Amino acid sequence: MTYFSRMSFFAVVVGVLALAWGWSVQQMPASLAHPLWIARQEAMYLSGLMSIGLMSLAMYLATRPLWLEGAFGGMDRIYRAHKWAGILGGSFAILHWLVEMSDDILKSTIGRAGRVPKEEAAGLLGSMRGLAEDMGEWGYYLLLALLAITLWRRFPYRPWRFLHRAMPVIYLVLAFHSVLLAPRDYWTQPVGWVLAGLIVAGVHGAMRALRGTIGQARRGRGEILAVAQPAPDIVAVSCRVPAGWMGHQPGQFALVTFDPVEGAHPFTIASADHGDQTIEFRIKALGDHTRQLPVMLRPGQQVDIEGPYGRFELGRINRRVRQFWVAGGIGVTPFLAWLKALQGHPDEAPEADLHYCTRDRDSDPFVTELRVMCADLPGVRLHVHGSAQGELLDANRLLADSGPGETAEIWFCGPGGLADSLRRGIAGIGRKRLSFHQEAFVMR
């Protein structure tokens with residue numbers, strides 16, 4: 001399975017934009033303007049192009065395009081690309097603003113002589129360009145404020161989500177600014193064609209966000225059938241799926257709206273699809289919203305369910321290579337779905353080592369459940385690591401009985417810190433023939 005890495009994806013996007021801009025620079029006629037004024041102008045064009053281009057991608061990726069799930073390796077990766085496209089677009093917006101502010105420095109050093117002549121526009125077009133310039137300035141200020149709030153991890157989620165709803169409007173303002181103030185020559189060159197395509201995609205995403213139609217084709221009204229609390233910080237919610245639910249693969253997730261004010265949250269489906277139109281979620285109390293669920297939810301309550309999404313699927317494992325499955329805390333839920341799907345077909349279970357990392361294996365409610373299911377699957381070997389018992393999992397322990405030349409897969413779902421630690425350890429060991437599949441869905 002070959003997926004885009006986030007870095008390679010952005011490298012391609014930035015590279016295409018840079019090449020298109022470079023081609024336009026080569027087509028420029030000779031100018032008598034001072035080289036520093038020319039450099040400032042082109043730096044403004046390039047930073048603005050990068051900013052609006054990446055923000056356009058962020059707006060399009062927010063529509064949850066299913067056709068890109070395979071290429072990216074899952075909707076969680078698409079969401080991360082959406083997040084970082086927005087952050088990079090905002091960073092280039094800062095650079096664009098700094099370049100714009102540099103005119104005072106140039107005026108004080110080399111003077112106004114040799115400035116690049118401005119493109120003249122009269123009548124309605126001239127008025128619109130003036131409006132676009134003013135709107136763009138305020139749009140950038142709002143964008144930078146939202147970027148700062150997004151990067152401030154301690155800012156509460158609910159007000160952040162409310163403020164984030166303004167992003168489509170801010171984007172449309174900046175798109176208007178870009179279209180009106182881009183050099184007119186751009187629209188007859190590759191740079192203009194690339195820019196136009198990105199802006200069309202971004203406007204499409206922004207309008208869908210404003211109309212509330214993102215995910216509409218996969219969203220419907222379900223019903224809560226049962227609510228249980230197997231542990232003080234875990235709630236199990238069984239739901240009847242909406243009409244038209246197309247079924248799910250073990251390991252996929254759904255976006256669930258228990259509270260319209262709170263909005264949708266991603267939860268892994270912890271049950272296998274037995275065709276009975278029911279699914280189960282196991283939800284850990286990780287924030288204000290999830291801590292309130294045990295008292296908020298009740299049987300018979302209506303709930304919006306959108307999905308399924310994700311590529312963390314049992315059917316995608318490579319059965320020809322050694323399997324290591326690693327779950328940390330509530331990251332065990334996709335593996336619960338995997339094991340439940342295999343219960344009726346133990347002969348189809350692959351050879352795999354399932355490592356479950358928990359705070360205290362003696363009190364963890366999932367440990368007994370995992371042991372019961374793995375007992376019926378001879379090929380799946382369960383290893384429980386309790387941090388309270390001093391049983392921390394590292395790369396050496398994970399790969400203890402795996403030869404250095406053995407080809408293997410690691411499927412990981414759990415805290416990012418544990419994933420990073422395992423990746424570093426694997427790199428230190430020097431294992432080359434090993435692929436690491438990770439699902440890490442975060443809302444911001």
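Here the structure is a predicted model, which means the values were calculated and not measured.
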- Would you indicate whether the side-chain heavy atoms of Met75 and Leu66 approach each other to under 4.5 Å? yes

- Gln229 side-chain N/O to Pro232 backbone N/O, donor-acceptor pair under 3.5 Å: yes

- Message: Between Arg424 and Asp420, does any NZ, NE, NH1 or NH2 come within less than 4.0 Å of an OD or OE carboxylate oxygen?
- Response: no

- So, does Arg397 use its side chain to make a donor-acceptor pair with the main chain of Leu392 at under 3.5 Å? yes

- Please confirm whether Phe253 and Phe281 have ring centers closer than 6.0 angstrom. no

- Task: Report yes if the side chains of Pro65 and Ile78 come closer than 4.5 Å at any heavy-atom pair, otherwise no.
- Result: yes

- Does a side-chain heavy-atom distance below 4.5 Å link Leu370 with Val384? no

- Message: Donor-acceptor pair, distance only, cut-off 3.5 Å: does the side chain of Arg208 make one with the backbone of Thr213?
- Response: yes

- Is the centre of the Phe9 ring less than 6.0 Å from the centre of the Phe72 ring? yes

- Query: Quick check: does any side chain N or O of Ser178 sit under 3.5 Å from a backbone N or O of Leu174, one acting as donor and the other as acceptor?
  - Reply: yes

- Query: Does the pair Asp364/Arg361 count as a salt bridge with the N-to-O cut at 4.0 Å?
  - Reply: no

- Counting only N and O atoms by type, is there a donor-acceptor contact under 3.5 Å from the side chain of His383 to the main-chain atoms of Leu354? no

- Side-chain (Arg240) to main-chain (Leu225) donor-acceptor, under 3.5 angstrom: no

- Test salt bridge (Lys or Arg N to Asp or Glu O under 4.0 Å) applied to Asp233 - qualifying residues, sequence neighbours left out: Lys284, Arg359

- Message: Could you work out, with side chain to side chain contact (heavy atoms under 4.5 Å, CB included) as the rule, every residue matching Ala18, not counting sequence neighbours?
- Response: Met50

- Task: Only counting residues at least two apart or in another chain, list the ones meeting side chain to side chain contact (heavy atoms under 4.5 Å, CB included) with Glu406.
- Result: Arg322, Ser402, Arg431

- Please identify each residue that fulfils side chain to side chain contact (heavy atoms under 4.5 Å, CB included) with Ala337, with sequence neighbours left out. Pro250

- Message: Between Arg311 and Glu439, does any side-chain N to carboxylate O distance fall below 4.0 Å?
- Response: no

- Message: Quick check against the 3.5 Å criterion: does Gln343 have a side-chain atom that pairs as donor or acceptor with the backbone of Leu339?
- Response: yes

- Message: For a side chain to side chain donor-acceptor pair (under 3.5 Å) check, start with the C-alpha distance between Asp353 and Gln323, then their side-chain angles and the critical distance, and finish with the verdict.
- Response: CA-CA 6 Å; Asp353 289 276; Gln323 291 292 314; over 6 Å; no

- Message: Show me the pairs that pass side chain to side chain donor-acceptor pair (under 3.5 Å) and involve residues 54-68, at least two apart or across chains.
- Response: Ser56-Tyr171, Tyr60-Trp67, Arg64-Tyr79, Arg64-Glu306

- Item | Under 3.5 Å donor-acceptor, Ser421 side chain and Leu418 backbone | no

- Query: Taking C-beta and beyond as the side chain, do Phe258 and Leu293 meet within less than 4.5 Å on heavy atoms?
  - Reply: yes

- Message: Side chains of Ile317 and Trp325, heavy atoms from C-beta outward: is any pair under 4.5 Å?
- Response: yes

- Non-neighbouring partners of Met128 that pass side chain to side chain contact (heavy atoms under 4.5 Å, CB included), sequence neighbours left out: Leu124, Phe176, Leu180

